Colleague: 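There's a structure below that I have some questions on.
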Number of protein chains: 2
Amino acid sequence: MSENTATGLPASIELAWGFREQPKKGPKRALSLTEIVEAGVTVADADGLGSVSMSRVAQELGVATMSLYRYVSAKEELVTLMGDAVIGPAPAIADDENWRSGLVRWAEEQMAVARRHPWSAEIAISGPPVTPNSVRWMEAALRCLRAAGLAPGQQLGSLLLVTQFVRSQALLESQLAAAMRASGDTEETVLSAYTRQLSMLTGPEEFPALHGVLDAGVFEMSAEGQEPDEDFRFGLDRILDGIEVIVARTTAAGTGT
Amino acid sequence: MSENTATGLPASIELAWGFREQPKKGPKRALSLTEIVEAGVTVADADGLGSVSMSRVAQELGVATMSLYRYVSAKEELVTLMGDAVIGPAPAIADDENWRSGLVRWAEEQMAVARRHPWSAEIAISGPPVTPNSVRWMEAALRCLRAAGLAPGQQLGSLLLVTQFVRSQALLESQLAAAMRASGDTEETVLSAYTRQLSMLTGPEEFPALHGVLDAGVFEMSAEGQEPDEDFRFGLDRILDGIEVIVARTTAAGTGT
DNA sequence: TAGCTAATGCGTATGACATACGCAGAGATG
DNA sequence: CATCTCTGCGTATGTCATACGCATTAGCTA
């Protein structure tokens with residue numbers, strides 16, 4: 001609602017960047033932003049993002065609920081900062097690193113984080129990245145894409161593609177895990193339940209392609225697959241193949257003609 | 001929590017599929033699921049998904065809040081069905097249609113829906129599609145991918161890629177529109193504000209690739225671009241290029257060897 | 001050293017909201 | 001007519017985010 005600062009960003013975000021010295025006047029602050037964010041992460045790790053409430057986080061810290069609002073102006077800011085905290089610093093990208101392997105590493109590390117903190121994929125995106133670590137990750141990916149020779153607009157478009165893919169894949173995994181936890185069943189059982197549901201709801205005549213997939217036992221397969229990463233790698237490779245097509249085109253145009 | 005039905009799906013979902021005849025005994029139902037879902041859509045179209053509450057929807061229909069729970073066992077079900085209602089029936093895919101142009105049409109029509117109901121992109125994905133129209137859309141896309149000669153697992157993986165991309169693109173657009181509405185500024189202003197924020201927070205030495213993009217005025221460009229679809233088409237083409245790579249590989253292997 | 005004043009932690013209060021529970025009436029079946 | 005199921009819905013509960021204001025703290029000034 002109100003532009004709090006010079007950048008137009010919430011004070012807590014600027015604080016996370018290290019701007020905004022604390023004033024000299026009043027009593028010392030009993031907490032720090034980092035402490036609060038860490039407490040939020042602890043709660044989310046333990047009981048999921050749904051259990052993160054202002055009062056729960058305050059309780060975790062042994063302070064009153066309203067005290068948190070001296071550090072964060074809304075819950076959404078807390079959650080955003082929690083997301084920033086768990087991705088951590090971006091992977092280092094060497095200048096001479098192959099763009100594709102760099103992006104693979106980028107995506108894999110991001111995925112690893114998401115597996116460590118499944119709730120992080122549930123955080124609703126409320127705007128472009130403005131938080132320190134997420135901007136650092138952005139920089140890392142852009143370095144790869146720039147090295148690949150893409151134009152700025154293409155870099156941004158490609159980055160979006162990769163990020164969103166990792167995100168959605170992580171969300172999928174986390175939902176599968178949640179369904180397993182809720183039902184107490186194995187991954188295989190949960191997936192085959194889905195197959196059964198679709199089979200009961202749809203006829204093979206009206207839904208031939210769907211039944212083609214169901215009959216192939218795809219969902220069961222995905223459980224038996226040695227590599228849990230198989231789906232992830234497939235999607236990632238598809239996206240990178242797609243990017244490679246224009247990389248090749250751009251390079252050819254720049255070199256050949 | 002409880003498996004209500006034979007399929008294990010909530011009663012309202014089965015109802016949406018046309019299963020589950022209404023019982024003969026009690027009073028006639030005053031409402032229908034469709035009516036309720038339409039009322040929800042009306043509210044969301046008018047004031048956004050955030051304004052959809054059980055009481056608000058009930059008010060829209062002139063009934064009491066709790067009455068809705070005779071048709072829907074939780075708000076989440078309502079929202080899921082609202083999402084299903086707005087995507088509507090899937091586009092028809094001719095059997096001899098080129099897989100790629102079929103998917104382009106599929107994605108464009110889905111995007112058109114999302115632009116008509118921006119809130120639909122905000123709906124949290126809580127599991128695989130089980131709702132009638134969304135399964136029909138799934139079928140439509142699978143037909144294209146099957147026609148392309150992909151294996152079932154590849155079909156599913158590719159479908160995921162396209163869906164999630166459309167979804168995230170729609171969400172991005174809707175958030176941009178929301179930011180414009182909130183600030184009263186133009187698209188150009190909102191985007192250049194973001195550029196300014198990043199410029200103030202990051203130094204060109206630490207963030208060379210980022211500044212490369214910022215200096216190119218990418219965000220401003222995207223506002224001046226004649227085609228608002230430009231970003232959408234870029235990402236979509238990238239994904240389809242990526243799919244095409246394995247289509248070609250598969251076809252070559254099947255035909256040549 | 002005695003204020004002055006900004007900043008702090010936090011108690012209280014408000015207003016949404018989802019939803020459990022149970023009742024009174026409807027209406028088909030026996 | 002009696003019964004039993006299903007209806008709409010009033011009431012109540014518990015959770016939450018957050019606005020507001022007060023008492024307290026502690027650096028700065030005189």
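All figures in this text were calculated on a predicted structure; none of them were measured in a lab. Scope of the values below: all heavy atoms of this structure, side chains included, with no hydrogens, waters or symmetry mates.
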Colleague: Once the angle between the rings of A/Phe232 and A/Phe165 is folded into 0 to 90°, is it parallel (under 30°), tilted (30 to 60°) or perpendicular (over 60°)?
Modeller: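 The rings of A/Phe232 and A/Phe165 lie parallel, inter-plane angle below 30°.
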
Colleague: Does B/Tyr71 make a side-chain N or O approach to OP1 or OP2 of D/dG8 shorter than 4.0 Å?
Modeller: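 For D/dG8, OP1 or OP2 has a side-chain N or O of B/Tyr71 closer than 4.0 Å.
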
Colleague: Given atom NZ of B/Lys75 and atom P of C/dC17, what is their separation to the nearest angstrom?
Modeller: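 Roughly 8 Å, once rounded to whole Å.
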
Colleague: Between atom CG in B/Leu78 and atom C1' in C/dC17, what is the gap in whole Å?
Modeller: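 Computing the B/Leu78:CG to C/dC17:C1' distance gives 14 Å.
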
Colleague: Among D/dC9, C/dC10, D/dC6, find the nucleotide with the atom closest to the side chain of B/Pro27.
Modeller: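 Of the candidates, D/dC6 comes closest.
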
Colleague: Whole-Å distance between C/dC17 P and B/Tyr69 OH?
Modeller: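 Value for this atom pair: 12 Å.
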
Colleague: Write down the distance between CZ (B/Arg70) and P (C/dG22), rounded to a whole number of angstrom.
Modeller: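 Between P of C/dG22 and CZ of B/Arg70: 13 Å.
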
Colleague: Check this one for me: any side-chain N or O of B/Ser53 less than 4.0 Å away from OP1 or OP2 of C/dA16?
Modeller: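 For C/dA16, neither OP1 nor OP2 has a side-chain N or O of B/Ser53 closer than 4.0 Å.
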
Colleague: If you assign each of A/Met66 and B/Lys25 to its closest nucleotide in DNA chain D, which residue comes earlier from the 5' end?
Modeller: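 Its nearest nucleotide being more 5', the pick is B/Lys25.
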
Colleague: Expressed as a whole number of angstroms, how long is the span from B/Asp47:CG to C/dA16:C1'?
Modeller: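 Taking atom C1' of C/dA16 as the reference, CG of B/Asp47 is at 15 Å.
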
Colleague: Could you grab the distance from atom OG1 of B/Thr131 to atom CE of B/Met138, nearest 0.5 Å is fine?
Modeller: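 B/Thr131 OG1 to B/Met138 CE: 13.0 Å, rounded to 0.5 Å.
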
Colleague: Once you round it to whole Å, what is the distance between P of D/dC6 and CZ of B/Arg29?
Modeller: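 B/Arg29 atom CZ is separated from D/dC6 atom P by 10 Å.
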
Colleague: Round to a whole Å and report the spacing from CD of A/Glu76 to C1' of D/dT18.
Modeller: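 Taking atom C1' of D/dT18 as the reference, CD of A/Glu76 is at 14 Å.
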
Colleague: Drop me the distance from A/Gln164's CD to B/Gln164's CD, to the nearest 0.5 angstrom.
Modeller: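 If we round to the nearest 0.5 Å, A/Gln164:CD and B/Gln164:CD are 8.5 Å apart.
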
Colleague: Relative to the 5' end of DNA chain C, which residue comes earlier, B/Lys28 or B/Val52, by the nucleotide with the nearest heavy atom?
Modeller: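 The residue whose closest nucleotide sits nearer the 5' end is B/Val52.
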
Colleague: Have A/Glu60 and A/Thr42 got a donor and an acceptor in their side chains that come within less than 3.5 Å?
Modeller: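 No donor-acceptor contact under 3.5 Å links the two side chains.
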
Colleague: When the distance from CE of A/Met54 to P of D/dA17 is rounded to whole Å, what number comes out?
Modeller: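 Distance, rounded to whole Å: 7 Å.
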
